[in-house]
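Within every chain, numbering begins at 1; the chains are lettered A, B, ... in the order of the sequence lines, protein sequences first and strands thereafter.
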Amino acid sequence: MTMDKTFDAGRVEREIYAAWEAAGAFAAGANARPGAEAFCIMIPPPNVTGSLHVGHAFNNTLQDILTRWHRMRGFDTLWQPGTDHAGIATQMVVERELAKTNRRRTNFSREDFVALVWEQKVRSRDNIKNQLKRLGASCDWSREAFTMSGAPGAPAGEEGNFHDAVLKVFVELYNRGLIFRGKRLVNWDPHFETAISDLEVENREVDGFMWHFKYPLAGGQTYEYVEKDAEGVVTLREERDYISIATTRPETMLGDGAVAVHPEDARYASIVGKLCEIPVGPKEHRRLIPIITDPYPDPEFGSGAVKITGAHDANDYTVAKRGNIPMYRLMDTKGHMRDDGKPYVDCSQRARKIAEGDDYTEAEVDLLNLVPDDLRGLYRFEARKRVIDQITSEGLAVTILNPDYDPEGDAPDMIPLVEAKKIMQPFGDRSKVVIEPMLTDQWFVDAEKLAREALAAVEDGRTKILPEQHKKVYFNWLREIEPWCISRQLWWGHQVPVWYGPHMINHADHPLCDRFSIHQHTKNPQVPESTKTGGYDWECAVTEEEAVSWFTQIWGAPVQVAPSEEAFLVEFNRLQKGEIDYVPIFRDEAVLDTWFSSALWPFGTLGWPEETEELARYYPTSVLITGFDIIFFWVARMMMMGTQFMTDADGAPQVPFHTVYVHALVRDAKGQKMSKSLGNVLDPLELVDAFGADALRFTLASMAVMGRDLKLSTSRIAGYRNFVTKLWNAARFAEMNGARGWTGDGLPEAHETLNRWIIGETARARAACDAGLAAFRFNDAANGLYAFVWGRVCDWYLELAKPLLAEGHPARAETQAVLGWVIDQCLILLHPFMPFVTEAIWGQSGARTKMIVHADWPEFDAQSPEADAEIGWVVGLIEEIRSVRAEMSVAPSAQIPLLIVQAGEEETARLDRHAALIGRLGRVPQMTRIAAAPKGAVTLTAPGATLCLPLEGLVDIAAEEARLVKSLGKVDKELKGLTAKLGNATFLAKAPEDVVAENRERLAEAEGEASRLRGALARLAEMG
RNA sequence: GGGCGGAUAGCUCAGUUGGUAGAGCGCUUCGUUUACACCGAAGAUGCCGGGGGUUCGAGUCCCUCUCCGCCCACCA
C-alpha cells in the first residue's frame, strides 16, 4: 500500500481512537511490565457546565504526554478521568437556560430541578468526553468518575459511591471536631442567595465615594474638638455637638451598634462612653449608640471615628465581637432592605441597656428589624441614595466650602463633603454582583488544623510543587488560613448530612445529654422562630435512618422527616397544638461547597471508602497537572483531605500526589484570561478540525514553559501541522525506498558512517526527550524532537542516505534497515506528543505485533564520536559550498568541480568516502586535486583542508571581495577577543582548564581561517 | 500594603550549576534535484529595559531604578 501525499487527520483520527478503545489500550495497567511501578494521574475534573476550552486542551495534553510516555515505558499506568458537578456554576447554567423561557428554579420542586441539572450534567459530560477523545486523551474511560455519583436523584447510569465518600468525610470530620456550625459573618451572594467562601470572592477596585456625616451627641451635649498638626500646633479648635463619621456604605448606618475611636485619640477622649444618635430613620425614635474605644480605627484616616456595623462589614464584625456590640441584620437574602412585616423597633432603650452591659442573645437581636418603613424592600443601593438624601436634607452631612462659590451667584457657600475614592469591593466570582457580608448560620471546616499536615507534606518534600515559586504561594495561604465556609444555599450538590429537630429543654437526665451542650439556643427554645439561627437539636449522620433513630431515641416518640424547614415549622406548630403524634425533623437544606467533594478526588475516584485494589495500587498518585488558579481551591484542599483520611500501613498520613506540576494559563489573543463565564473561550475542537489534534497538541507542548503564560496563535499551530506532514513524508520516503518498520531486536547493524551517525543522533534525541519529560520541561522535549526529526533526520539523514539507497549500492540493505529503524524511533518518540499521525504511520509500515500506543520506549545508547565528527565535517562542507554558490550568485544548475588544493589524511578519506553525496548536495560532481588554487577560485572554509571552487568568469569579483572582507571582519573580531582573553594572566590562572583549552582551540581555528581569507583576498587582488 | 512574574531579533518567545546570543513565525533572494511548495537552499535583523556591583569572564549572580502583568490583603 502506498501512502497518500499528506496525512488526512480529520479522516483517520476517529478511526484510530476507536481502535485504541477497542483494544483496551488505555485500561489501567495496560502494557504494564510484570511487577511494574505504578504511574497514576488524576484528571482535574472539568465542570459539567459546558465544554472545554483551550486551557483544558493544554492541561490534558500534558497529562496525556506523561501518561503515554509511562505506558510505553511499561509502567502500571492509570489516567483516571471524570467530571466535577461544580455546584454553583452548573446550577447557574441551568437557571440561565430556564430564564430563556421565563422560568425560574422556584417554579420547580427541588427534586425536579435537580433532575434538570442531571440532564445538563449528562449532556455536558458527553460533550467533554468527546472533546477529550478528539484530543487523543488516553484516559481509562471504563473508570470514569463524577463528584456526585451515587447521590440521591442520580439517574440510571450515574451510579457510583462518590456521594458516600463525601458524606463519610463530612461525618468523620464532624466527629473529629473539625467541622462546626456557627453564626458568622460570611460572604453572601445576593444573586444566587447563598454563602460563598472567601476564595469565591473577587476583590476589585472600583470608583466609590466616601460620605461624611454628623452623629449628634445624645441630649445635645457638646465638647471641645481640637485638631493639631504633626508638631502639636493647634490647627482647629471648635465646639461640637456631634462626632463626624466617614462611610462608603451609608445604608448600613441603620445597623450601627457603636462608634469606635482609637483609645489614644485625644480628640475624642472626652466623649468616649457617651451616646450619639444615628442620624437616620424616624426622628422620634432614632437609635442611640455608644462611643467606644478600639484599636481598629486609624486616627490618621477620615475623622478617626468609625461606625461599627457588625452584621454588614468584616472589620466591624471583629470589632463588634471584641466589644460585644450587637449586630443588626438589615437585609434579606436578595440584598433588599428587610421587609419582614415586623414593626420598626425603637431600640434606643435597648442600646442603652447594652451599653450598660445587659446582654441579649444573637437570636433575639436578629429578630429586630431596624429598617424604617420608607426604606423597606428597597435594594441596598437604592436605600443608600435615600439615606444620603435624608441626612443631607436635615443638614447632618459634614460640609466644606464650595470651591465654586460666587457671592454674586446662586451656588451655596457650603456643600456636603463627598470624597471620590477608589475602593476595594468584593464581587461574586460567578454572579459578578457585589457581595454582601451577612450574618448567617453556616457550616465551617476548621481549615487551620487540616492545613498543618498539608503544609508539612510540602515543607518536607513528600509532595513536590513545580515550579517552585508556587510553593511560597501555597505556604502563605495555608499558614494564614481562615475557617472554610462549606455550606451553600443551593439545590445542586451534596446535601449536608445533618438533621434538625425541636430542642428539648428537660434533657439533663438523658443519656445523650452531652451532645446537647454545644447548642446555642434562644431563651424560648420551644418556639424555633423561622430564623435559622439555631434553637434546634441536630444529628450529623451518614444516613437518614441513623438520624431518625437518634431523634426517636431522644423523644421516645415516632419521628418523621419533613421535606424542608418550612414544612417542618408547619408540622411543629401542629405538634404543639396536639394535632399530630410524631415529632417532625428536617434535613439541613444546604449543600456542600463543590470543592469539598473535589478535595476527595484522588481517593474517592479509586473507590474509597471501600478498600479497593486500585486504591492500594495507585494512591498516592504520581503527578497532578493543574493550573495555578486552583492551587487554593483544589490542590490545597486535596492535600488537606488526603493527609487527613489516607494513611499508610503505619498510620502515617499519605499525600495525594508526589508531584504537583502547575502549568501556566493559556490566554486568548489579547492576552486575556479565558473564562467560562466571560465567554471568551476558544473551542479546541475548531483548532483540531483545522489543523489536526497532533498539531494542536504539539503546539501546546512546545509552548509549555514552566511558569510562563502562553498566547496561542494559529500560525504556530499551522507550523506544527506542517511538521506532521513533514514526518508523514519522511515515512513515505522510507516506504518508497523499501525501508519498512524495524522488526529486529536491539539496534540495526550499521557499518556505514552515516548510519552510525544517525543512530547516535537518535540516541541523543531520545535521552534529551526523556530528560525533558522527567523534568516536566515539555517544551524542551518537544522542541528537541522537532529539531531532531526535521533538522537532523529530514534535512540531512534522508538526503545523505539517498546515494546509499540506490539500487545495487552495497550499503543499500543496511541503510534500508537503519532508515526503517530511524523512522520507527521518530514515531515512538513523537507518539506521546502526536499520537494519531504516529499510530497511522506505524500501522502502515511493516508488520507490527502491536500498536504504537504500546510500543516499547527505547532505552539504548550508541554513540560514535568519529562518525559524528565525520558527518559534521561533511555537512559543514556542503553548507559552505552552498553558501558560496548562493552568495556568488552561481546558477543552481551550474555544475562545478571541487578543487582540492591540500587536505589532511583524514580529510582526504572523508572526501573520498562521501564524494557522491558531496557532489550531489553541493552540485559539485567532480573532485580534482590541484597544486595551487587557480585564478578566480573561491576558497572554502573547511577545517583541515584547503578546498576551492573555480568560479572564474562566474564570479562577481566585487561581491567576492565584499564577502571575504566581511568574513574576515568577523574572524578578526573574534581573534581580538580571544587573544586578549588568552593574554590575560588572571584568566589563565583562574579559569578552568577545559575552558582555557577550548579558547586556545578556537584561537587556532580562527587564525587558520583568517590566513585562508587573507590568501583568498590576495588572489582576488591579483585578478583585479 | 504585602508577595510573585516579566522586560532578549519585526512578532511570539527559549536560553537549568556564570564560559563563543537561539527557535518558530514573518521578511529578502533563489529554486520543477523523483519524500514533502504544509517544500528546499541561502541571507538580513539583537547597547539581552536603565544604572551600579561581584567575577578572569554576567542575558545568566547581587543591589537599585523604570515600565508592564498577576496573586493576596479588613483601612471605615
- request: Could you name each residue pair satisfying salt bridge (charged side-chain N to carboxylate O under 4.0 Å, His left out) that touches residues 983-1000 of chain A, not counting sequence neighbours?
  value: A:E998-A:R1002

query: Separation of A:E205 atom CD from B:rC71 atom C1', in whole Å?
result: 15 Å

- prompt: Would you write out the dot-bracket form of RNA chain B, 5' to 3', with Watson-Crick and G-U pairs under 3.5 Å, [ ] for crossing pairs, | for pairs to other strands and . for unpaired bases?
  reply: (((((((..((((.....[..)))).(((((.......))))).....(((((..]....))))))))))))....

query: How far, in whole Å, is B:rC47 from B:rA7 if one measures between their C1' atoms?
result: 15 Å

- prompt: So do the side chains of A:F7 and A:L727 get within less than 4.5 Å of each other, counting heavy atoms only?
  reply: no

task: Find the distance A:L917:CG to B:rU33:P and express it as a whole number of Å.
output: 19 Å

message: With a 6.0 Å cut-off on the ring centroids, do A:F723 and A:F833 count as close?
response: no

task: Compare all side-chain heavy atoms of A:V874 with those of A:W796 and state whether any distance is below 4.5 angstrom.
output: no

query: For A:D689, what residues pass the side chain to side chain contact (heavy atoms under 4.5 Å, CB included) criterion, not counting sequence neighbours?
result: A:R134

For atom CG of A:D994 and atom P of B:rG19, their distance in whole Å: 12 Å

query: Is the closest side-chain heavy-atom distance between A:L712 and A:M703 below 4.5 Å?
result: yes

- request: Quote, to the nearest angstrom, the P distance that separates B:rU33 from B:rA37.
  value: 11 Å

task: Using the ring-ring contact (aromatic ring centres under 6.0 Å, His included) rule, collect all pairs that involve residues 983-1009 of chain A, keeping only residues at least two apart or in two chains.
output: none

message: Rounded to whole Å, please give me the gap between CG in A:L700 and P in B:rG24.
response: 19 Å

message: So, using side chain to side chain contact (heavy atoms under 4.5 Å, CB included) as the criterion, who are the partners of A:E807 when residues are at least two apart?
response: A:R812

message: Using a heavy-atom cut-off of 4.0 Å across all strands, would you classify A:E799 as base, sugar-phosphate, or nothing?
response: base

field: Qualifying salt bridge (charged side-chain N to carboxylate O under 4.0 Å, His left out) pairs, either residue in residues 291-300 of chain A, two or more places apart
entry: A:D294-A:R322

query: Rounding to the closest angstrom, what is the interatomic distance between B:rC4 and B:rA44 at atom P?
result: 42 Å

Please list, pair by pair, any protein nitrogen or oxygen found under 3.5 Å from a nitrogen or oxygen in nucleotides 56-61 of chain B.
from   : atom 1 : to     : atom 2 : distance (Å)
B:rC56 : OP1    : A:K990 : NZ     : 2.1
B:rC56 : O4'    : A:T986 : OG1    : 3.3
B:rC56 : O2'    : A:N984 : ND2    : 3.2

query: Is there a side-chain contact between A:R740 and A:E735 (heavy atoms, below 4.5 Å)?
result: yes

task: Answer yes or no for A:R792 and A:F788: cation-pi contact, defined as NZ/CZ to six-membered ring centre under 6.0 Å and angle to ring axis within 45°.
output: no

Filtered N/O pairs between nucleotides 72-76 of chain B and protein, under 3.5 Å:
from   : atom 1 : to     : atom 2 : distance (Å)
B:rC74 : O4'    : A:N315 : OD1    : 3.2
B:rC74 : O2'    : A:N315 : OD1    : 3.2
B:rC74 : O2'    : A:N315 : ND2    : 2.2
B:rC74 : N1     : A:N315 : OD1    : 2.9
B:rC74 : O2     : A:N315 : OD1    : 2.7
B:rC75 : N3     : A:D298 : OD2    : 3.3
B:rA76 : OP2    : A:K421 : NZ     : 2.8
B:rA76 : O2'    : A:A246 : O      : 3.0
B:rA76 : N6     : A:D298 : O      : 2.7
B:rA76 : N6     : A:F301 : O      : 2.4
B:rA76 : N1     : A:D298 : N      : 2.9

- prompt: Can A:T309 and A:D256 be counted as having a side-chain donor-acceptor contact under 3.5 angstrom?
  reply: yes

task: Determine whether A:I823 and A:F733 make a side-chain contact, defined as any pair of heavy atoms from C-beta on separated by less than 4.5 Å.
output: no

message: Could you tell me how far B:rG24 sits from B:rA58 if I compare only their P atoms? Round to whole Å.
response: 29 Å

- request: Starting at atom CD of A:E993, determine the distance to atom C1' of B:rG19, rounded to an integer number of angstrom.
  value: 15 Å

message: For A:E200 and A:S197, which I'm curious about, is there any donor-acceptor pair between the side chains at under 3.5 Å?
response: yes

Span that lies between the C1' atom of B:rU16 and that of B:rG3, in whole angstrom: 24 Å

query: Which one, B:rU33, B:rG31, B:rA35, comes nearest to the side chain of A:L798?
result: B:rA35

Nucleotide B:rU34, atom C1' - distance to CD of A:E807 in whole Å: 14 Å

- prompt: Could you give the CE-to-P distance, from A:M888 to B:rU29, as a whole number of Å?
  reply: 19 Å

- prompt: Can you tell me if A:S702 and A:Y720 form a side-chain donor-acceptor pair at under 3.5 Å?
  reply: yes

- request: Determine the Euclidean distance between corresponding C1' atoms of B:rU60 and B:rG6; express it in Å to zero decimal places.
  value: 15 Å

message: Checking A:Y242 now: which residues fulfil ring-ring contact (aromatic ring centres under 6.0 Å, His included) with it, not counting sequence neighbours?
response: none

- request: Could you encode protein contacts along nucleotides 3-18 of chain B as a string, one character per nucleotide from 5' to 3', using B for base contact, S for sugar-phosphate-only contact and - for no contact, with a heavy-atom cut-off of under 4.0 Å?
  value: SS-SS-----SSSB--

field: Protein-nucleotide distance (A:R885, atom CZ; B:rC30, atom C1'), rounded to Å
entry: 12 Å

task: List the protein contact pattern of nucleotides 37-46 of chain B with one symbol per nucleotide (5' to 3'): B for base contact, S for sugar-phosphate-only contact, - for none; contact means a heavy-atom distance under 4.0 Å.
output: SBSSSSSS--

field: Span that lies between the P atom of B:rG52 and that of B:rG59, in whole angstrom
entry: 14 Å

- prompt: For atom C1', what is the distance between B:rC27 and B:rG19, given to the nearest Å?
  reply: 33 Å

task: Would you classify A:E974 as touching base, sugar-phosphate or nothing, given that sugar-phosphate means primed atoms plus P, OP1 and OP2, and contacts are heavy atoms under 4.0 Å?
output: base

message: A:K421: which residues meet the side chain to side chain contact (heavy atoms under 4.5 Å, CB included) condition with it, sequence neighbours left out?
response: A:M210, A:F301, A:I423

- request: Check whether any side-chain heavy atom of A:V186 sits under 4.5 Å from a side-chain heavy atom of A:P437, and report yes or no.
  value: no

